[in-house]
Amino acid sequence: MTAADDQSLELAAWAARVAAELRLEGFTIDVDALLALAGAAAHSVRRPAAPLTTYVVGFAAGHAAATGSDPAAALAAAIDTATRLAATAAAERDAADDIPPKAPLDPAATDRPARQE
(Lines give C-alpha, C1' and ligand atoms only; values in the text may rest on other atoms or scores of the structure.)
Protein backbone atom coordinates (compact mmCIF):
# COMPACT_ATOMS: atom_id res chain seq x y z
CA MET A 1 0.00 0.00 0.00
CA THR A 2 1.35 3.44 -0.90
CA ALA A 3 1.45 6.54 1.25
CA ALA A 4 -1.27 8.04 -0.96
CA ASP A 5 -3.48 5.00 -0.31
CA ASP A 6 -2.83 5.31 3.42
CA GLN A 7 -3.75 8.99 3.28
CA SER A 8 -6.94 8.30 1.33
CA LEU A 9 -8.00 5.62 3.82
CA GLU A 10 -7.20 7.87 6.78
CA LEU A 11 -9.15 10.79 5.32
CA ALA A 12 -12.13 8.59 4.44
CA ALA A 13 -12.12 7.21 7.99
CA TRP A 14 -11.90 10.74 9.41
CA ALA A 15 -14.78 11.95 7.22
CA ALA A 16 -16.87 8.96 8.30
CA ARG A 17 -16.05 9.64 11.95
CA VAL A 18 -17.04 13.31 11.67
CA ALA A 19 -20.23 12.38 9.80
CA ALA A 20 -21.13 9.83 12.48
CA GLU A 21 -20.45 12.32 15.27
CA LEU A 22 -22.73 14.82 13.49
CA ARG A 23 -25.39 12.10 13.20
CA LEU A 24 -25.22 11.92 9.42
CA GLU A 25 -25.81 8.18 9.32
CA GLY A 26 -25.68 6.62 5.88
CA PHE A 27 -24.15 9.68 4.28
CA THR A 28 -20.89 9.07 2.47
CA ILE A 29 -18.51 11.78 1.39
CA ASP A 30 -16.60 11.74 -1.88
CA VAL A 31 -13.33 12.72 -0.22
CA ASP A 32 -11.37 12.84 -3.48
CA ALA A 33 -13.89 15.16 -5.16
CA LEU A 34 -14.03 17.45 -2.13
CA LEU A 35 -10.24 17.61 -1.89
CA ALA A 36 -9.97 18.29 -5.62
CA LEU A 37 -12.44 21.15 -5.18
CA ALA A 38 -10.45 22.54 -2.25
CA GLY A 39 -7.28 22.39 -4.34
CA ALA A 40 -8.95 24.10 -7.29
CA ALA A 41 -10.30 26.87 -5.05
CA ALA A 42 -6.95 27.35 -3.31
CA HIS A 43 -5.03 27.60 -6.57
CA SER A 44 -7.64 29.54 -8.55
CA VAL A 45 -8.48 32.20 -6.00
CA ARG A 46 -6.35 32.16 -2.84
CA ARG A 47 -5.48 29.45 -0.34
CA PRO A 48 -8.15 30.55 2.17
CA ALA A 49 -10.76 29.97 -0.54
CA ALA A 50 -10.38 26.20 0.01
CA PRO A 51 -12.13 25.91 3.39
CA LEU A 52 -14.53 28.69 2.52
CA THR A 53 -15.57 27.00 -0.72
CA THR A 54 -15.96 23.57 0.83
CA TYR A 55 -18.06 25.07 3.63
CA VAL A 56 -20.37 26.84 1.16
CA VAL A 57 -20.68 23.64 -0.90
CA GLY A 58 -21.56 21.66 2.22
CA PHE A 59 -24.06 24.27 3.27
CA ALA A 60 -25.67 24.14 -0.19
CA ALA A 61 -25.91 20.36 0.05
CA GLY A 62 -27.44 20.63 3.51
CA HIS A 63 -29.94 23.18 2.31
CA ALA A 64 -30.90 20.94 -0.60
CA ALA A 65 -31.35 18.00 1.77
CA ALA A 66 -33.51 20.11 4.08
CA THR A 67 -35.80 20.92 1.16
CA GLY A 68 -36.20 17.27 0.20
CA SER A 69 -33.43 16.76 -2.35
CA ASP A 70 -31.02 13.83 -2.27
CA PRO A 71 -28.04 15.08 -0.22
CA ALA A 72 -25.46 13.03 -2.15
CA ALA A 73 -26.74 14.32 -5.48
CA ALA A 74 -26.92 17.87 -4.13
CA LEU A 75 -23.35 17.63 -2.85
CA ALA A 76 -22.11 16.29 -6.19
CA ALA A 77 -23.91 19.10 -8.06
CA ALA A 78 -22.53 21.74 -5.67
CA ILE A 79 -18.99 20.36 -6.06
CA ASP A 80 -19.34 20.43 -9.86
CA THR A 81 -20.65 24.00 -9.80
CA ALA A 82 -17.91 25.26 -7.48
CA THR A 83 -15.20 23.43 -9.44
CA ARG A 84 -16.44 25.05 -12.65
CA LEU A 85 -16.48 28.45 -10.94
CA ALA A 86 -12.90 27.93 -9.71
CA ALA A 87 -11.80 27.13 -13.27
CA THR A 88 -13.53 30.30 -14.48
CA ALA A 89 -11.78 32.34 -11.78
CA ALA A 90 -8.43 30.88 -12.83
CA ALA A 91 -9.09 31.72 -16.47
CA GLU A 92 -10.08 35.27 -15.55
CA ARG A 93 -6.93 35.67 -13.46
CA ASP A 94 -4.77 34.32 -16.29
CA ALA A 95 -6.46 36.66 -18.78
CA ALA A 96 -5.86 39.61 -16.48
CA ASP A 97 -2.19 38.61 -16.21
CA ASP A 98 -1.91 38.93 -20.00
CA ILE A 99 -2.81 42.63 -19.88
CA PRO A 100 0.37 44.68 -19.60
CA PRO A 101 0.44 46.94 -16.57
CA LYS A 102 -0.07 50.63 -17.15
CA ALA A 103 3.10 52.68 -17.03
CA PRO A 104 3.12 55.27 -14.29
CA LEU A 105 2.23 58.70 -15.53
CA ASP A 106 5.38 60.71 -16.08
CA PRO A 107 4.51 64.44 -16.06
CA ALA A 108 7.60 65.17 -18.16
CA ALA A 109 6.33 62.85 -20.89
CA THR A 110 2.95 64.53 -21.38
CA ASP A 111 2.14 66.96 -24.17
CA ARG A 112 0.63 69.46 -21.75
CA PRO A 113 2.73 72.34 -20.57
CA ALA A 114 3.60 72.40 -16.89
CA ARG A 115 1.15 74.28 -14.73
CA GLN A 116 2.15 77.87 -14.02
CA GLU A 117 1.64 79.07 -10.49
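Numbering of residues begins at 1 and proceeds along the displayed sequence.
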>> According to side chain to side chain contact (heavy atoms under 4.5 Å, CB included), who are the partners of Ala49, at least two apart in sequence or on a separate chain?
In response: Ala41, Val45, Thr53
>> Applying side chain to side chain contact (heavy atoms under 4.5 Å, CB included), can you list everything that pairs with Ala40, at least two apart in sequence or on another chain?
In response: Ala86
>> For Ala50 versus Ala42, what's the shortest heavy-atom pair and its separation?
In response: CB-CB, 4.0 Å
> Is there a path from Val56 to Val18 through hydrophobic residues (I, L, V, M, F, W, Y) whose side chains come within less than 4.5 Å of each other?
Replying inline: no
>> For the CG atom of Leu34 and the CG atom of Leu75, what is their distance to the nearest 0.5 Å?
In response: 6.5 Å
Could you tabulate the donor-acceptor pairs under 3.5 Å formed by side-chain atoms of residues 57-67, not counting sequence neighbours?
| from | atom 1 | to | atom 2 | distance (Å) |
| --- | --- | --- | --- | --- |
| Thr67 | OG1 | His63 | O | 3.3 |
| Thr67 | OG1 | Ala64 | O | 2.9 |

>> The criterion is side chain to side chain contact (heavy atoms under 4.5 Å, CB included); which residues satisfy it with Leu35, sequence neighbours excluded?
In response: Leu11, Val31
> Quick one: CZ on Arg93 to OG1 on Thr88, what's the gap to the nearest 0.5 Å?
Replying inline: 12.0 Å
>> Quick test of your reading: applying side chain to side chain donor-acceptor pair (under 3.5 Å), list the pairs with at least one residue in residues 1-25, sequence neighbours left out, ordered by first then second residue.
In response: Thr2-Asp5
> Who pairs with Ala33 by side chain to side chain contact (heavy atoms under 4.5 Å, CB included), at least two apart in sequence or on another chain?
Replying inline: Asp30, Ile79
